[in-house]
A.B. asks: 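Can you keep this structure in mind? I'll have questions shortly.
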Amino acid sequence: MLGKLSLAAIPLDEPLPLISGAVVVLIILAVLAFITIKGWVPYLWREWLTSVDHKRIGVMYLTLGLIMLLRGYADAIMMRTQQAIAVGGSQGYLPPQHFDQIFSAHGTIMIFFVAMPLVIGLMNFVVPLQLGVRDVAFPVLNSVSFWLTASGALLINVSLVVGVFSRATWWGYPPLSGLAFSPDVGVDYYLWSLQISGVGTLLTGVNFVTTILKLRAPGMTYFRMPVFCWTALAANLLIVAAFPVLTATFIMLLLDRYLGMHFFTNDFGGNQMMYPNLFWAWGHPEVYILVLPAFGIFSEIAATFSGKGLFSYRSMVWATLGICILSFMVWLHHFFTMGAGADVNAFFGIMSSIIAVPTGVKIFNWLFTMFRGKVEFKTPMVWLVAFMITFVLGGMTGVLLAVPPVDFVLHNSAFLVAHFHNVIIGGVVFGAFAGYAYWFPKAFGFTLDERWGKASIWFWVIGFYLAFVPLYMLGLMGMTRRLQHIPDPSWQPLLLVAEVGAILVFCGILCQIIQLYVSIRTREQRRDLTGDPWNGRTLEWSTTSPPPAYNFAVLPTVETIDAFWHMKRTGRRPPVEPAYEAIEVPRNSPAGFITAFFAVIMGFSLIWQIWWLAILGFVAVAVVILIAGWSTDREHEISAAEIAQMERAG
């Protein structure tokens with residue numbers, strides 16, 4: 001009746017996961033109790049949980065990403081502490097089995113449930129506003145996409161208290177992820193949480209490709225789009241092309257585990273090396289799915305805070321498209337040591353070096369944008385400077401690893417861990433934080449506190465270098481990654497330095513929490529009444545802060561790049577009281593939330609092989625989607641009089 005599920009699934013004999021899970025459950029219950037006592041449930045249901053407004057969905061994506069960042073960081077500090085103390089005769093405080101779950105969960109959460117929600121959240125909030133349109137192409141589908149992502153995140157956290165998580169790393173290579181070496185449900189938690197969230201991400205890709213190609217303000221040709229829209233287009237094209245590969249790969253691994261098939265075994269016609277081939281055929285484009293939107297964010301920030309247009313706009317666009325194409329031609333550098341041969345390794349080594357060229361173009365474009373500009377070092381601009389220094393260093397180590405003989409020496413070492421974090425933290429995380437600081441006043445109508453924002457940057461940057469530069473050194477000294485116990489005592493001093501760095505990063509996170517608290521407390525003094533606190537250049541700054549549900553009372557007409565800047569320079573801003581017309585906006589829909597509810601039930605049932613409940617969950621999801629798809633009452637009209645009243649009030 002309950003498949004593999006029993007009371008033995010609760011880890012009563014392992015205090016750490018039990019305590020961690022209990023803390024998470026208590027926090028959730030406390031938040032729910034607080035919301036209920038305050039009487040906020042109807043408001044949250046009406047304005048957020050069932051909203052299909054792209055701006056609110058973007059904020060919810062960002063909230064999910066920031067919450068999961070705390071979970072992912074908790075895993076990181078636990079690993080770093082274990083390695084700092086488990087040296088020589090000391091065994092530390094994490095048993096090997098638990099340590100393996102932690103590093104697998106850390107990678108999975110940080111890539112799929114921190115980095116992805118942060119960049120998708122910013123794209124959700126900003127892209128329709130920059131395009132001068134009222135919403136994405138498929139608003140209800142946008143809500144479903146978010147809630148499926150949240151479902152996957154919930155399933156991973158359920159593994160804290162019911163069962164275990166995967167011990168096969170965040171990429172789940174067979175045979176380690178096969179039944180022979182992972183007979184428990186850990187790998188199943190990994191596979192089903194990513195399958196469900198992956199469907200949501202793929203739907204997001206379809207939605208945004210359609211939005212950017214088909215919904216743009218009058219006069220906004222492709223080469224008048226802001227660079228962030230170009231990078232969003234490239235990232236979502238990669239999502240549409242790459243995520244089906246990951247989905248198919250995971251389906252084959254699930255068939256191996258559930259039905260005894262042999263896609264990824266070394267007998268009965270299978271091939272274990274096909275899994276890493278397929279995984280990284282998705283995995284390397286995924287790196288650029290994450291970092292390309294960050295490049296777009298920094299392009300907007302560089303232009304705004306330098307007081308001048310982006311240097312060589314067209315070269316930035318072509319560099320973006322070049323990266324989009326080249327990202328599918330470098331995946332094999334992730335396993336140069338597989339024995340593919342010198343010719344194959346040489347090709348992928350050369351391509352891995354070539355992809356650094358368009359990235360270098362972007363760095364020079366940002367530098368030349370700042371050159372002779374009137375640079376204002378607000379928090380987003382300081383993030384840009386920190387990013388350029390950090391990302392260039394990470395890129396240099398990437399080019400080094402692109403040389404196959406070097407990779408043979410450094411493969412699977414701590415050097416590789418340092419390089420990967422160098423580009424992901426220095427690129428994606430710094431970019432997401434820069435975008436968060438830059439567009440926060442547009443989302444909420446007041447600016448963030450600059451002092452705490454800059455303090456967080458200093459802690460993040462110093463902490464980052466202290467945490468990961470020692471790993472470069474340790475990798476060159478021979479330390480491999482994922483060590484639960486450190487056999488060489490001479491490595492401990494550098495590991496202690498890395499531990500200090502991780503603590504400073506936590507101080508940076510605390511500064512950001514304090515910044516948000518202080519900013520909310522003092523929001524009346526920092527209120528943005530103009531809609532344009534940074535003297536921006538693109539269309540999102542032409543509407544009020546926060547924007548109304550319909551974004552623009554009158555759709556703007558675009559005549560050049562940096563449309564809003566051009567309007568301000570030429571005095572062609574909309575008249576004070578234009579002739580308003582009625583606007584149709586999409587109605588709220590509970591389809592996303594309800595779909596997620598049944599998707600969690602279905603995923604949990606598939607993990608524990610409760611087949612009857614899995615079938616019911618699948619049927620319920622299908623019914624909800626069909627009802628939502630066949631609904632004809634999808635929009636409601638805001639009259640011209642109501643719009644005029646709201647615009648006067650705004």
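No hydrogens, no waters, no symmetry mates; every other heavy atom, side chains included, goes into these values.
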A.B. asks: Just checking, any donor-acceptor pair under 3.5 angstrom between side chains of E540 and W439?
C.D. replies: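 Yes, a side-chain donor-acceptor pair sits under 3.5 Å.
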A.B. asks: My understanding is that only one of L215, V126, T211, V136 makes a side-chain contact (heavy atoms from CB on, under 4.5 Å) with L131; could you say which?
C.D. replies: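 The side-chain contact (heavy atoms from CB on, under 4.5 Å) with L131 is passed solely by T211 among L215, V126, T211, V136.
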A.B. asks: Should the ring pair Y288 and H284 be called parallel, tilted or perpendicular, given that the plane angle runs from 0 to 90° and is split at 30 and 60?
C.D. replies: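 Because their plane-to-plane angle lies in the 30° to 60° range, the rings of Y288 and H284 count as tilted.
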A.B. asks: Apply the test ring-ring contact (aromatic ring centres under 6.0 Å, His included) to residues W170 and F279: give CA-CA distance (whole Å), side-chain angles for both, the deciding distance (0.1 Å), then the verdict.
C.D. replies: CA-CA 11 Å; W170 76 271; F279 184 90; 5.7 Å; yes
A.B. asks: According to salt bridge (Lys or Arg N to Asp or Glu O under 4.0 Å), who are the partners of D407, at least two apart in sequence or on a separate chain?
C.D. replies: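 Per chain and number, D407 pairs via salt bridge (Lys or Arg N to Asp or Glu O under 4.0 Å) with no residue.
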A.B. asks: Between R224 and D562, is there a salt bridge with N-O shorter than 4.0 Å?
C.D. replies: no
A.B. asks: So, do H419 and L471 sit near enough that their side-chain heavy atoms are less than 4.5 Å apart?
C.D. replies: no
A.B. asks: Side chains of S312 and N365 only: does a donor on one sit below 3.5 Å from an acceptor on the other?
C.D. replies: no
A.B. asks: Looking only at side-chain N and O atoms, does K55 offer a donor or acceptor that is under 3.5 Å from a partner on N551?
C.D. replies: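 There is such a pair (donor and acceptor under 3.5 Å, judged by atom type) between the side chains of N551 and K55.
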A.B. asks: H54 versus P139: any side-chain heavy-atom pair under 4.5 Å?
C.D. replies: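 Counting from C-beta outward, H54 and P139 never come under 4.5 Å.
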A.B. asks: Can you tell me how far the CE atom of M68 sits from the OG1 atom of T149, to the nearest 0.5 Å?
C.D. replies: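 Between M68 CE and T149 OG1, I get 11.0 Å after rounding to 0.5 Å.
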A.B. asks: Within the 3.5 Å criterion, strictly below it, is a donor on T543 or K442 matched to an acceptor on the partner's side chain?
C.D. replies: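 No donor-acceptor contact under 3.5 Å links the two side chains.
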A.B. asks: Might you work through the side chain to side chain donor-acceptor pair (under 3.5 Å) test for K362 and T320, ending with a clear yes or no?
C.D. replies: CA-CA 9 Å; K362 292 176 177 289; T320 298; 2.6 Å; yes
A.B. asks: Under a 3.5 Å cutoff, is there a donor and acceptor pairing between the side chains of Y465 and T390?
C.D. replies: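 Note: Y465 and T390 side chains meet the donor-acceptor criterion.
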A.B. asks: Any side-chain heavy-atom pair from M123 and P293 closer than 4.5 angstrom?
C.D. replies: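 Yes - at least one pair of side-chain heavy atoms lies under 4.5 Å apart.
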A.B. asks: Do D528 and T530 get their side chains close enough for a donor-acceptor pair, meaning under 3.5 Å?
C.D. replies: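 Present: a donor and an acceptor within the cut-off.
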A.B. asks: Anything under 30° is parallel, anything over 60° is perpendicular, the rest tilted; go ahead and classify W318 against F223.
C.D. replies: tilted
A.B. asks: Do D532 and F564 have side-chain heavy atoms sitting under 4.5 Å apart?
C.D. replies: yes
A.B. asks: Do Y313 and W230 have a side chain donor and acceptor closer than 3.5 Å?
C.D. replies: yes
A.B. asks: Measuring only between side-chain heavy atoms, which start at C-beta, is F552 closer than 4.5 Å to V133?
C.D. replies: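 No; the side chains remain at least 4.5 Å from each other.
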A.B. asks: Would you kindly say whether D135 and Y550 are connected by a side-chain donor-acceptor distance under 3.5 Å?
C.D. replies: no
A.B. asks: Would S352 and H333 count as having a side-chain donor-acceptor pair, cut-off 3.5 Å?
C.D. replies: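 Checked: S352/H333 side chains pair up, N/O donor to acceptor below 3.5 Å.
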A.B. asks: Tell me, do F440 and L516 make a side-chain contact under 4.5 Å, heavy atoms counted?
C.D. replies: yes
A.B. asks: With a cut-off of 6.0 Å (strictly less than), are more than 12 heavy atoms of other residues, nucleotides or ligands near CE of M338?
C.D. replies: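 Yes, because the 6.0 Å sphere around CE of M338 holds more than 12 heavy atoms from other groups.
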A.B. asks: Just checking, any donor-acceptor pair under 3.5 angstrom between side chains of S299 and W366?
C.D. replies: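 Yes, W366 and S299 have a side-chain donor paired with an acceptor closer than 3.5 Å.
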A.B. asks: Would you say the side-chain atoms of E376 and W534 include a donor-acceptor pair closer than 3.5 Å?
C.D. replies: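 There is no such pair between these side chains.
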A.B. asks: Once the angle between the rings of F468 and F464 is folded into 0 to 90°, is it parallel (under 30°), tilted (30 to 60°) or perpendicular (over 60°)?
C.D. replies: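 Correct class here is tilted.
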